[in-house]
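To keep things clear, I will list the structure first and then write my remarks on it.
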Number of protein chains: 2
Amino acid sequence: MYSLAEENYLKTIYHLEQESKTGVSTNAIAERMETKPSSVTDMVQKLADKKMISYKKYKGSTLTVHGKKMAANVIRKHRLWEVFLVDKLKFHWDEVHEIAEQLEHIQSEELIVRLDKYLGNPDFDPHGDPIPDKDGKVKSTEKKLLSELNKKQRGVCIGVKETGSEFLQYLDKRNITIGTKINVLGKEFFDGSMIIQVGKDQFFISKKIAENLYVQTN
Amino acid sequence: MYSLAEENYLKTIYHLEQESKTGVSTNAIAERMETKPSSVTDMVQKLADKKMISYKKYKGSTLTVHGKKMAANVIRKHRLWEVFLVDKLKFHWDEVHEIAEQLEHIQSEELIVRLDKYLGNPDFDPHGDPIPDKDGKVKSTEKKLLSELNKKQRGVCIGVKETGSEFLQYLDKRNITIGTKINVLGKEFFDGSMIIQVGKDQFFISKKIAENLYVQTN
DNA sequence: CTACATTTTTAGTTTAAACTAAAATTAATT
DNA sequence: AATTAATTTTAGTTTAAACTAAAAATGTAG
Ligand SMILES: [Mn+2]
Ligand SMILES: [Mn+2]
Ligand SMILES: [Mn+2]
Ligand SMILES: [Mn+2]
């Protein structure tokens, strides 16, 4: 059994590893978790003792196979609960993260087996993020940032990078959600801004918006 | 915001208060929570500082209005989650308590409002226990222990006192569940044992069984 | 290569929640 | 009423997880 704190560290290290493809620095963990580097050092040493990560002083941390599986399982639970909250309880997609942060720590294998089945074995959470399977494997999908598209290209929104309320509500206001078809009508090379078409509407978006929306082309 | 430990203490004191109708002793709390009396003293002093209970040295504890509401809310969450686990996830009634012990501590007003609605605003949990409303009020029902009935009396099972797996599985084996009609065919005054009829079957039960089944006799 | 800056670790504290052992209070028996 | 027993509290420790301040290691610029 692992503590709430340990689970949160593993999850954070997992995410940071994905992003950087390299070992994770103590400072990076501290920043992400809004804690102090000295606290992180304590914890990574503990996790290393437990063989969840490999760690060499001053050299950063990487998850072991065991630790990675553990982390993926926490993320699996988080995302399944988010599906539950949105699909069943009709929460809005910008309201579920904080609650899932708590629910992800509930300990019961059987609960997750049943929840998964009850939700129809979903592959993605409400933000388009893939749900790891029982063994921690994730289906990787061909996804691009909207900002990578050029004029006249089309894509289907399959997820978001940024998941804060402000951004998700911005998307809602413009009727963009998972599955929405987006057509790039114009792109300004100077600042990366775009004119896009969504349904019958067409409007301007900044580079910052385009860099936080994942689309599938083809 | 209250800690998990504080919530568990409040819940325990609430239950003990119900049972004894009087102030709750430090030892009683310690025994119920499987902890040491000295630990309980520490915590009740802390809860008293926070005005959740009233406490005088050596005199035991009673919940304040505020503490009682708090405790009832934790119990509300526990029982709503139990309904979810049984009604939606198809858990068996003897499997849900431990999971609900964890889920009861999830902090989100809105989550409970929605869960309650999703479950159809249930009044009772899978063991027949009443679910407190948002204000901590509980519908008190006229319930008796099966052991209080005499020969030729009939009752409908509306709940259980003991909720351990062994007992619940015993009931299942004999097709007794919430709503089951029970007919007392005979009662032995020497040891309190009974012969009862359930559907077409009739069989012997000990006093211990009869003392842990609640019935309604209309 | 040296000097300064940044990152990381160590050492020592703090807080919550448990514990043991001993002291204090209350209850029960002779 | 005095003694013994049971209950409850106090005092002092322990552990997990945070913190601050200072030391050590690593990285960067001149
Ligand atoms: Mn999330
Ligand atoms: Mn978390
Ligand atoms: Mn229960
Ligand atoms: Mn609990």
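To find a chain, count down the sequence lines: A is the first, B the second, and so on, and within it residues start at 1. Please read these numbers as outputs of a predicted model, since none were measured by experiment.
A salt bridge does not link A:Lys21 with A:Glu17: none of the charged nitrogens is closer than 4.0 Å to a carboxylate oxygen.
For A:Tyr2 and D:dA16, the shortest distance from a side-chain N or O to OP1 or OP2 is not below 4.0 Å.
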Classify every nucleotide of nucleotides 3-12 of chain D by which part a protein heavy atom approaches to under 4.0 Å, writing B for the base, S for the sugar-phosphate alone and - for neither, in 5'-to-3' order. ----SBBB--

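With sequence neighbours left out, B:Lys51 forms a side-chain hydrogen bond (donor to acceptor under 3.5 Å, both in side chains) with no residue at all. Scanning for salt bridge (Lys or Arg N to Asp or Glu O under 4.0 Å) contacts around A:Lys139 gives A:Asp123, with sequence neighbours left out. In this view, A:Tyr9 satisfies the ring pair (Phe, Tyr, Trp, His ring centres under 6.0 Å) rule with no residue, not counting sequence neighbours. Residues forming a ring pair (Phe, Tyr, Trp, His ring centres under 6.0 Å) with B:His127 (at least two apart in sequence, or on another chain): none.
As rounded to whole Å, 11 Å separates atom P of D:dC19 from atom CE of A:Met43. Note: CD (A:Glu7) to P (D:dA16) measures 16 Å, nearest angstrom. Atom OH in B:Tyr9 sits roughly 11 Å away from atom C1' in C:dA16 (whole-Å rounding). If you measure from atom CG of A:Leu47 to atom P of D:dA16, you get 13 Å, rounded to the nearest angstrom. One interatomic measurement links the two molecules: CG of A:Asn8 to C1' of D:dA16, which rounds to 14 Å at whole-angstrom precision.
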Show which side-chain atoms of residues 69-76 of chain B pair as donor or acceptor with protein atoms under 3.5 Å away, not counting sequence neighbours.
unit_1  : atom_1 : unit_2   : atom_2 : d
B:Arg76 : NH1    : B:Pro132 : O      : 2.9
B:Arg76 : NH2    : B:Asp116 : OD2    : 3.4

